[in-house]
Amino acid sequence: MILEHRSEHVDERAKIDTRLHELTQEIISLKVQRNAISPISFLPDELLFRIILQYALSGDVFSGHWVKVMLVCRRWYDVALSHAQLWSYISDSSRRSYDIWEMLERSGDCSLSCTFRHLGESGYLVQAVLEKHMYRVRSLKIHCMEKLLPLLFKEGHRWPILEHLALESWGSNNTHLPPSIFEHGMPRLHSLELNHIGISGWHCFSNLTNLSLSQGHERAFPSPSFDELLAILRRSPSIREIQLHNYLPDDEAVFATLDQIYTQISPIELWHLEHLDLVARFESVDALLRCVILAPTASLHLIVRGIYEGWEIPSLLVPIHRHLRQPGAPALRSLNLKCTPHTYASITADAALKYESDLLVNDRRPHFNLITHPSQQTACRTVFTKVLNALPLDNAEHVTLTSAYGHELSTATWRTVFRHLPCTKVVRIGVNEGMIAVLEGIMDAIKRCPQGLWGARRRRAARGLFAWPTHLSLMALNDGGTGVPDPVAQKHYYDSLVRLLSEYRDMDAPLKPAGVCWPTLEIDSIRYGYLMCYQYRDALFAVVQNLIVDGKPWDPVSYRKSLKAIRREAKKIREEYGIPESEARGEDDGSEGSDLDELDPVET
């Protein structure tokens, strides 16, 4: 009987399972019909593929982040699976969920873009992939041990459509690639990036659009001679980017012949160049800049060694002056100064009204950046004076000094800086010792004006057209500390700020009459515990014409009206709920109540 009852239940369960399957298929069918009548479903497959491709290229296409769009619906899955170009970005990244060989099969006969960074000791997988598919590799990036390069690039290998090659290695520094690999095996090569890679000949490169050669300061690999480098540039008139890190000549014997080189040859015109990045001694940088004529919009990033006392820089500034002041060059409107004596001095200028991001992490390149290594304070002053005189800074309005934390630069240096920046309107700096030195330097320059000015600057000062900074922008979070506000240090900074602004108001100078306050003071990023500014708002408001605190103009009258309204509302709430005033202020447990005078009404 039990068996018969169990048999009946088995039949009933089978009917239920059949019905569930039918309902599931019906639900799937309804979902397909619903997706089919959505607006995006009427797009042609080719247009939908372009949308998916643009999404894939918007991020790291080699990471495979775009494959999640295949889960949207069956049509999107089929479209992505059937278009080979989406599967042509090959990488050995551990984050990829698809096998390399499966992707190569899905890519069909489409040209490949390959990136390999996780090669083992043998590099067997990458070697097998490249040997089988090198005929359709269009872009190749490899980061591997140097001993693997001869296995991946052998004599007789042919890369018929390879256009972009980027190689980076580490190892013994003893292996060099023969030039025949590039001369006979890569006829369409246009972009070359080599990092710690040796090449035994440079005559095989031509028609390049990108040339990037980098190695360490030890210069373990032989660099091309100056004649070879100029020959490459002459054979590549459409080149757009040049990066040479420690690949220019660094030999005293070569320096003696550089003057003859750029005086005996005709300049090389590089009208398509967009960016020039050099790391070398000042003699080599000077010689290269004199041998080429750059496009007016080409940006310069120069890290120049050998400038320690400051007297070495004038010859280098001649070609820089010629490039930045040629017709069609963008007007420089912002300036960023960084300096640490005995370490480095950096001058960045850009056409943007405000440029203060770190060059190392910011994707956008400034129009001009020069980094030198002066040995002492006087050398810093000489470098700043020479460079600021050479740059076209007549339209410069914004100066960023957020890297000045302490007494890296003296008052005399800041006086020199602002004496050569007559049109500066905005000065941005942190609330720290550097702020004090900068203000002292500005005031000292105003007192001495027009002494020390010559030429056009002196004539402008005589006509009363000399414009000193009118807007001081302070970053409260940039105090040069560990991120935790130090009340003692903060009090010292704000006391000094009030004192200096009071001295500015009372100062009587040829171009600044007594009684005129500093026009605008702005303090931002005062949250997260940096409330010291609230205690000094009234004192600062008394010595400036306009005070802006965290983006809002400070008006003591309006603030006190808002504060009274808050207190009336708090009193009404206490009366409504019967809360004693002593308890609301925290007097019962001996704790101190909140001081509304130190808080912003909007915050409260």
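On a predicted model such as this, the values are computed, not experimentally measured, just so you know.
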Contact between Leu289 and Leu276 at the side-chain level, heavy atoms closer than 4.5 Å - yes or no?
yes

Closest heavy-atom pair and its distance - Trp66, Tyr55:
CA-CE2, 3.7 Å

4.5 Å side-chain heavy-atom contact, Gln376 and Glu309:
yes

For salt bridge (Lys or Arg N to Asp or Glu O under 4.0 Å), just list the numbers for Glu312 and Arg281, CA-CA rounded to whole Å, side-chain angles, deciding distance to a tenth of an Å, and then say yes or no.
CA-CA 11 Å; Glu312 308 94 339; Arg281 282 188 58 88; over 6 Å; no

Does any non-hydrogen side-chain atom of Val318 lie less than 4.5 Å from one of Asp286?
no

Answer yes or no: is there a side-chain heavy-atom contact under 4.5 Å between Leu273 and Thr297?
no

What is the minimum heavy-atom distance between Met70 and Ala80, and which atoms define it?
CG-CB, 3.7 Å

Taking the side chain as C-beta and beyond, is there a heavy-atom pair between Glu102 and Ile100 under 4.5 Å?
no

More than 12 heavy atoms of other groups within 6.0 Å of Arg322 CZ
yes

Is the centre of the His83 ring less than 6.0 Å from the centre of the Phe49 ring?
yes

According to the interplanar angle, ranging from 0 to 90°, do the rings of Tyr135 and His133 count as parallel (below 30°), tilted (30 to 60°) or perpendicular (above 60°)?
parallel

Under a 4.5 Å cut-off applied to non-hydrogen side-chain atoms, are Asn369 and Ile347 in contact?
no

